[in-house]
Amino acid sequence: MPVSEFELIERIFAPLGVHRDDVVLGIGDDCALLQPSPGQLLAVSIDTLVAGVHFSPDDDPRSLGHKALAVNLSDLAASAAEPAWATLAMTLPGVDAGRLDWLSAFADGFAGLARRYDLALVGGDTTRGPLSITVQVHGFVPAEQALRRDGARAGEGIYLSGPVGDARLALLVKGGRKVDPVHAEAVAARLHRPEPRVELGRRLRGLASAAIDVSDGLVADLGHILERSGVGATIHLDELPLSAAVSAYLGETDDWALPLAGGDDYELCFTAPDARQAALRGLGCQQIGRLESEPGIRCLRPDGSPLNLSTAGYDHFGHD
Ligand code: ADP
Ligand code: MG
């Protein structure tokens with residue numbers, strides 16, 4: 001028996017998220033009524049995941065619920081904002097019993113992450129059509145401490161919060177590439193259950209000069225910082241944080257495009273002056289290069305020779 005939109009909202013969506021005192025009125029009315037924190041900026045970001053483009057309809061729905069929220073929290077992290085509220089718009093191709101189970105699992109994955117960050121789901125929309133998921137998040141950050149893409153200066157260090165290339169390798173494995181089963185499992189977890197670097201983003205307030213989350217690939221995303229800040233960069237490939245899986249892959253293929261251009265890892269890439277080096281120690285981040293006044297990105301191989309990004313296969317990657 002088909003389930004009505006109202007039953008869906010009541011059974012699946014309304015119980016999601018946590019109670020917060022700054023939610024005057026949540027799900028169930030025409031608008032949510034929210035009480036923003038005085039003296040703080042409201043940070044807002046939205047992302048859509050489309051079936052067949054950003055995920056496969058037979059992906060595990062629990063992981064998908066996690067990921068739909070995680071990719072948005074990653075944007076808040078890159079702005080050094082603290083998560084508060086979310087809205088969720090779901091387009092569903094009809095709701096039968098199988099879809100209800102799918103939605104319950106999706107809701108479970110979403111709720112797990114929402115609880116972890118004290119995030120309330122305050123509203124949304126439910127419509128019929130090809131499967132797609134849109135999440136909007138709202139967070140808070142003190143006005144002077146928001147991290148942006150335009151604050152980087154020549155001479156500063158470039159840092160990464162963790163390894164890159166794993167999610168892209170997981171897609172290759174899905175496409176038939178053979179790797180060590182332990183590596184296959186590790187990279188699949190990185191693709192399907194990314195961990196937004198929310199705490200790190202908060203701790204970078206007052207330390208980083210610019211930040212971005214790596215969703216489209218390191219070169220593309222660092223490129224946004226460089227362009228907005230009017231600087232260039234040199235990256236030392238032997239300093240790139242890499243998982244055992246990606247290191248093994250590089251040993252076999254020398255395909256540096258994978259860690260440099262592979263997206264979906266959701267690590268933070270940020271810049272900071274050397275005077276902050278001591279304060280950055282202990283945050284688990286790795287310096288991968290330095291900003292320069294000459295525009296563009298130069299990559300140096302472990303032997304010191306330059307890597308040509310276009311012949312390294314970088315152009316073969318498409319980005320959404
Ligand atoms: P309206 O017709 O006034 O836009 P709806 O009937 O679409 O309201 O939704 C009723 C209530 O349920 C609203 O508070 C809306 O925010 C909430 N809602 C609808 N779909 C979702 C969803 N997928 N997740 C969370 N809340 C939802
Ligand atoms: Mg209304």
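Ligands are counted one by one from 1 in listed order, and the atoms in each one are counted from 1 as well. Keep in mind the model is a prediction, meaning the values are calculated, not measured.
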Visitor: Taking non-hydrogen atoms only, is Asp125 closer than 4.0 angstrom to ligand 1 via side chain, backbone, both or neither?
Guide: both

Visitor: So Arg203 and Leu283, do their side chains get closer than 4.5 Å, heavy atoms only?
Guide: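 Result yes, sub-4.5 Å side-chain heavy-atom pair found.
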
Visitor: Give the atoms of ligand 1, by number and element, whose distance to some non-hydrogen atom of Ile27 is under 4.0 Å.
Guide: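 By the 4.0 Å cutoff, the relevant atoms are 12 (O), 14 (O), 17 (C), 25 (C), 26 (N).
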
Visitor: Assess the side chains of Glu292 and Thr234: does a donor N or O sit below 3.5 Å from an acceptor N or O?
Guide: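 Yes, Thr234 and Glu292 have a side-chain donor paired with an acceptor closer than 3.5 Å.
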
Visitor: Short list, please: which atoms of ligand 1 are under 4.0 Å from a heavy atom of Glu5?
Guide: 6 (O), 7 (O)

Visitor: Any idea which atoms of ligand 1 are less than 4.0 Å away from a heavy-atom of Asp30?
Guide: 3 (O)

Visitor: Measure Thr87 to ligand 1 on non-hydrogen atoms and call it side chain, backbone, both or neither using the 4.0 Å cut-off.
Guide: neither

Visitor: Return a yes/no value for Phe6: is any of its N or O atoms, backbone included, closer than 3.5 angstrom to an N or O of ligand 1?
Guide: no

Visitor: Short list, please: which atoms of ligand 1 are under 4.0 Å from a heavy atom of Thr126?
Guide: 19 (C), 20 (N), 21 (C), 22 (C), 23 (N)

Visitor: Look at the side chain of Asp59 and the backbone N and O of Leu64, then say whether any donor-acceptor pair between them is shorter than 3.5 Å.
Guide: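 No; judged by distance alone, with no hydrogens or angles, the pair does not exist.
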
Visitor: Which residues pass the ring-ring contact (aromatic ring centres under 6.0 Å, His included) test with Phe106, sequence neighbours left out?
Guide: Trp102

Visitor: Assess the residue pair Lys178 and Glu252 against the criterion (salt bridge (Lys or Arg N to Asp or Glu O under 4.0 Å)); give the C-alpha distance rounded to whole Å, side-chain angles, the decisive distance to 0.1 Å, and a yes or no.
Guide: CA-CA 12 Å; Lys178 294 275 169 285; Glu252 288 169 22; over 6 Å; no

Visitor: At a 4.0 Å threshold, what atoms of ligand 1 neighbour a non-hydrogen atom of Leu121?
Guide: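 Once the distances to Leu121 are compared, the set is 25 (C).
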
Visitor: Should Leu88 be counted as touching ligand 1, given the test is an N or O pair under 3.5 Å?
Guide: yes

Visitor: Which of the numbered atoms in ligand 1 are under 4.0 angstrom from any heavy atom belonging to Asp29?
Guide: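 Going through ligand 1 atom by atom, the ones under 4.0 Å from Asp29 are 13 (C), 14 (O).
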
Visitor: Apply the side-chain hydrogen bond (donor to acceptor under 3.5 Å, both in side chains) test between Thr91 and each candidate in Thr127, Asp125, Thr126; give the one that qualifies.
Guide: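 The side-chain hydrogen bond (donor to acceptor under 3.5 Å, both in side chains) with Thr91 is passed solely by Thr127 among Thr127, Asp125, Thr126.
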
Visitor: May I ask you to check whether Ala89 has an N/O atom sitting below 3.5 Å from an N/O atom of ligand 1?
Guide: no

Visitor: Would you check if the distance from the ring center of Tyr249 to the ring center of Trp256 is below 6.0 Å?
Guide: no

Visitor: Under 4.5 Å between side-chain heavy atoms, hopping through other hydrophobics if needed: is there a path connecting Ile133 to Leu8?
Guide: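 As far as the 4.5 Å side-chain criterion goes, Leu8 and Ile133 are connected within one cluster.
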
